[in-house]
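The structure appears right after this line, and notes come after that.
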Amino acid sequence: MAEARPTDPVDLVAAMAADESGAPLKEFYTLYASTVLALLMKMLGSRAEAEEILQDVFVELWRRAPQYDSSRGGVIAWVVTVARSRALDALRARSRRHGNDQLQFFSERHGIRTDGGRPDVLVSSTRWHQALRQAFQRLSEDQRSVLELSYFLGMSHGQIAETLNLPVGTVKSRILAGMRELRTMLPIIHRSMVA
Amino acid sequence: MSDEKERAELLAALHAAGAASDEDETELRALLEADPSLEKIVKDFQDSIAALASSFDPLETPPKTFAQIQKKIARERGGFFSRLRSWFSKP
């Protein structure tokens, strides 16, 4: 007997946009919620806040489903873009409330353990996650730090240059080099998706 | 690689990494309008950074979260966002 094939994520988003019953949304949530929660935890460092924002992220994904355009990026890229955006909003709101600067948050979050620090809440790490992490080891420390500051803290290249006391051109070069390195992982990603 | 393509690659990298300034974004949009084939560079970078963002060990979600999401969506149905969503659904 043939095994049931998982729904294609693009089809799932289309179904979510067209269907009001909630079944596609449930499948979509099952597929991505654990990954989104992990990203929110990485960015926010607070489980309670991450869980609250997780709800907002999925409501927004449901709301935006009719506008999703697969020619502009994969479903996972769309999902993490929305999640990142909501997390950055929360960080900015927190910064306004407490007067903390972004670098302070960055330093705090460097202490977050995502690889076994909270075994009670981890679901099984797949070969896909392990392969990705191994691939990311190819990034140099310089490349990782500029990508952390830009992607996870929402800093512009100018802000990063100021923070790290580097010329703007150096920051841009490191971001480009890091992104090129990440791009070399695409074959790994695609293989994982079809496996 | 042409100068234009190199410039587009840099701007696409900054865009995907979330480090682009408003001026960078404007310049990138103009380059993409002039040469839609450059979209592939942007898409590849976005998929790459998405892989980075989704590489953390997944965390188990609380059992009640999905029900709470459904409640929020139910509140929105019939409201402004529902009408907006229906509008975007039209072919």
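Reminder, nothing fancy here: chain letters follow the sequence lines and each chain counts from 1. The analysis underlying the following values was restricted to heavy atoms, covering all of them including side chains, and did not include hydrogens, waters or symmetry mates.
Between chain A and the options B:A16, B:G18, B:A19, B:A13, the largest number of non-hydrogen pairs under 4.5 Å is found for B:A19. Top candidate by heavy-atom pairs under 4.5 Å with chain B, chosen from A:E51, A:R84, A:K26, is A:K26.
Residue contact with chain B, scored on non-hydrogen atoms closer than 4.5 Å, involves the backbone of A:S71 exclusively. There is no contact between A:S85 and chain B, counting heavy-atom distances below 4.5 Å. Proximity to chain B (any heavy atom under 4.5 Å) is shown, for A:L40, by neither the backbone nor the side chain.
Using a 3.5 Å distance cut-off with no hydrogens or angles, the side chains of B:S37 and B:D35 do pair a donor with an acceptor.
Between B:I69 and A:D56 there is no side-chain heavy-atom pair separated by less than 4.5 Å. Looking at heavy atoms from C-beta onward, B:F66 lies out of side-chain contact with A:F58 at the 4.5 angstrom threshold. Counting heavy atoms from C-beta on, the side chains of A:W78 and A:V13 come closer than 4.5 Å.
Salt bridge status for B:K5 with B:E9: absent, with no side-chain N to carboxylate O gap under 4.0 Å.
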